[in-house]
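Okay, so here's the structure we're looking at.
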Amino acid sequence: MQGQDGERDRHGARNGGDALAGTPAGVPDGTSAGASAGTSAEVPAGTSAGAPAEAPDPEPRRGRPRSAAAERAILDAVIALLEAGEPLAGLSIERIARTAGVGKATIYRRWSDKEELFVDVVRDMEPDDPPVSGTEGLADLRVMLESLRTRGLAQRSSALLHNIFAQMKSHPKLWDEYHGTVIAPRRVAMQEAVRRAVAAGELRDDLDVELIDDLFVGPMLVRTVHRPDAPLPDDLADRIITALLQGLAPAARV
């Protein structure tokens with residue numbers, strides 16, 4: 001999932017827990033610890049053992065490139081298990097790895113724990129965050145409000161996604177991970193757009209930025225989260241923006 005957040009760095013395999021028994025973190029699948037410790041370094045052909053070692057590369061080589069196919073298989077494995085009725089709390093890294101046909105270390109090279117993996121599963125199922133200009137004010141606010149509306153539609157149309165969110169809220173660690181890596185950055189982006197709109201003279205400059213942000217986002221959240229039966233028409237974002245800009249007071253009578 002993607003969107004404006006981009007790809008996030010992963011951590012290597014953890015010691016203990018679900019990590020492969022006896023396999024140090026960072027050792028590729030199928031490689032024993034003895035291959036990297038307790039044996040003599042192999043001497044390149046044509047080089048005597050006493051020859052001075054070459055200077056190390058200025059940029060050290062990193063681990064094996066990530067396999068897009070393996071990552072896709074892992075995400076799909078979690079989705080398949082959830083579709084089969086497995087609860088989030090009951091999924092183990094071992095079960096996910098077995099279903100995906102990969103080693104547990106392959107998962108831990110990409111995700112530090114189950115919560116981080118589950119958040120990416122949700123982001124994979126949600127519509128992508130649309131790109132914004134980063135220079136406009138109200139125009140960017142409208143794009144982000146529309147994205148909130150389409151995510152609401154996605155939750156309504158996908159029983160699985162709706163069920164996942166319901167389970168996430170009953171697991172504080174998982175919900176905190178989702179909030180910190182997904183919701184919080186979106187809120188920051190909205191507030192930055194509000195500041196740009198204020199600077200451009202599109203919005204009042206005598207109100208608190210967080211209050212203005214809440215006034216824009218609040219109506220959409222009520223429709224998408226708190227009123228699951230409420231309509232989400234295509235022009236809802238425009239209607240919210242127009243209502244806020246015009247105010248709720250009746251037009252002055254002549």
Side-chain angles (χ1 to χ4, degrees), residues 1-42 56-57 59-129 154 158 160-161 163-165 167-168 170-185:
M1 294 190 22
Q2 29 315 56
Q4 62 192 27
D5 293 328
E7 184 179 3
R8 295 178 295 145
D9 290 335
R10 307 295 182 200
H11 301 287
R14 298 180 298 179
N15 290 327
D18 284 325
L20 287 176
T23 302
V27 176
D29 298 345
T31 302
S32 65
S36 57
T39 58
S40 300
E42 185 176 348
D57 294 335
E59 180 65 25
R61 292 184 179 180
R62 301 187 183 276
R64 242 179 355 186
R66 294 180 190 149
S67 165
E71 191 158 326
R72 182 71 260 164
I74 294 164
L75 295 174
D76 288 344
V78 176
I79 294 173
L81 289 169
L82 293 171
E83 287 178 334
E86 294 286 344
L88 279 173
L91 291 182
S92 67
I93 292 295
E94 183 175 5
R95 178 79 181 279
I96 295 168
R98 186 166 61 248
T99 303
V102 301
K104 287 186 291 185
T106 301
I107 296 179
Y108 281 125
R109 274 195 293 271
R110 293 159 173 79
W111 296 278
S112 62
D113 52 31
K114 291 195 301 182
E115 286 73 25
E116 193 176 84
L117 168 57
F118 292 160
V119 166
D120 270 4
V121 170
V122 174
R123 295 174 67 179
D124 186 65
M125 297 177 66
E126 286 187 313
D128 292 345
D129 288 336
S158 171
L160 178 59
L161 190 58
N163 184 38
I164 290 175
F165 269 100
Q167 293 186 62
M168 285 172 60
S170 64
H171 294 82
K173 185 177 179 182
L174 178 54
W175 183 250
D176 287 348
E177 176 74 16
Y178 181 78
H179 188 279
T181 59
V182 180
I183 296 179

Evaluate the side-chain proximity of [Y] to [X]: yes if any heavy-atom separation is below 4.5 Å, no if none is.
{"X": "E126", "Y": "F165", "value": "yes"}
{"X": "L117", "Y": "Y108", "value": "no"}
{"X": "I164", "Y": "M125", "value": "yes"}

Could you grab the distance from atom CE of M168 to atom CG of L161, nearest 0.5 Å is fine?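 Here the rounded value is 9.0 Å.
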
Gap separating the CD atom of E94 from the CD1 atom of I107, nearest 0.5 angstrom: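 With rounding to 0.5 Å, CD (E94) is 10.0 Å from CD1 (I107).
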
Distance-minimising heavy-atom pair for [X] and [Y]:
{"X": "H179", "Y": "P185", "answer": "O-CD, 4.2 Å"}
{"X": "E115", "Y": "E177", "answer": "O-CG, 3.9 Å"}
{"X": "I79", "Y": "R72", "answer": "CD1-NH2, 4.5 Å"}
{"X": "E86", "Y": "R95", "answer": "OE2-NH1, 3.3 Å"}
{"X": "I96", "Y": "A77", "answer": "O-CB, 3.9 Å"}

May I ask you to decide if A154's main-chain N or O and S158's side chain share a donor-acceptor pair within less than 3.5 Å?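 No, S158 side chain to A154 backbone: no donor-acceptor pair under 3.5 Å.
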
Side-chain (K114) to main-chain (I93) donor-acceptor, under 3.5 angstrom: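 Not a single qualifying donor-acceptor pair exists.
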
Which residues pass the side chain to side chain donor-acceptor pair (under 3.5 Å) test with R98, not counting sequence neighbours?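 Result, side chain to side chain donor-acceptor pair (under 3.5 Å) vs R98: none returned.
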
Taking the ring centre of each residue, are F118 and Y178 less than 6.0 Å apart?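 No, ring centres 6.0 Å or more apart.
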
Apply side chain to side chain contact (heavy atoms under 4.5 Å, CB included) to the pair I74 and W111, showing each step before the final yes or no. CA-CA 11 Å; I74 294 164; W111 296 278; 3.7 Å; yes

Positive for side chain to side chain contact (heavy atoms under 4.5 Å, CB included) with V78, one of D76, L82, L81, L75: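 Testing V78 for a side chain to side chain contact (heavy atoms under 4.5 Å, CB included) against D76, L82, L81, L75 leaves exactly one candidate, L82.
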
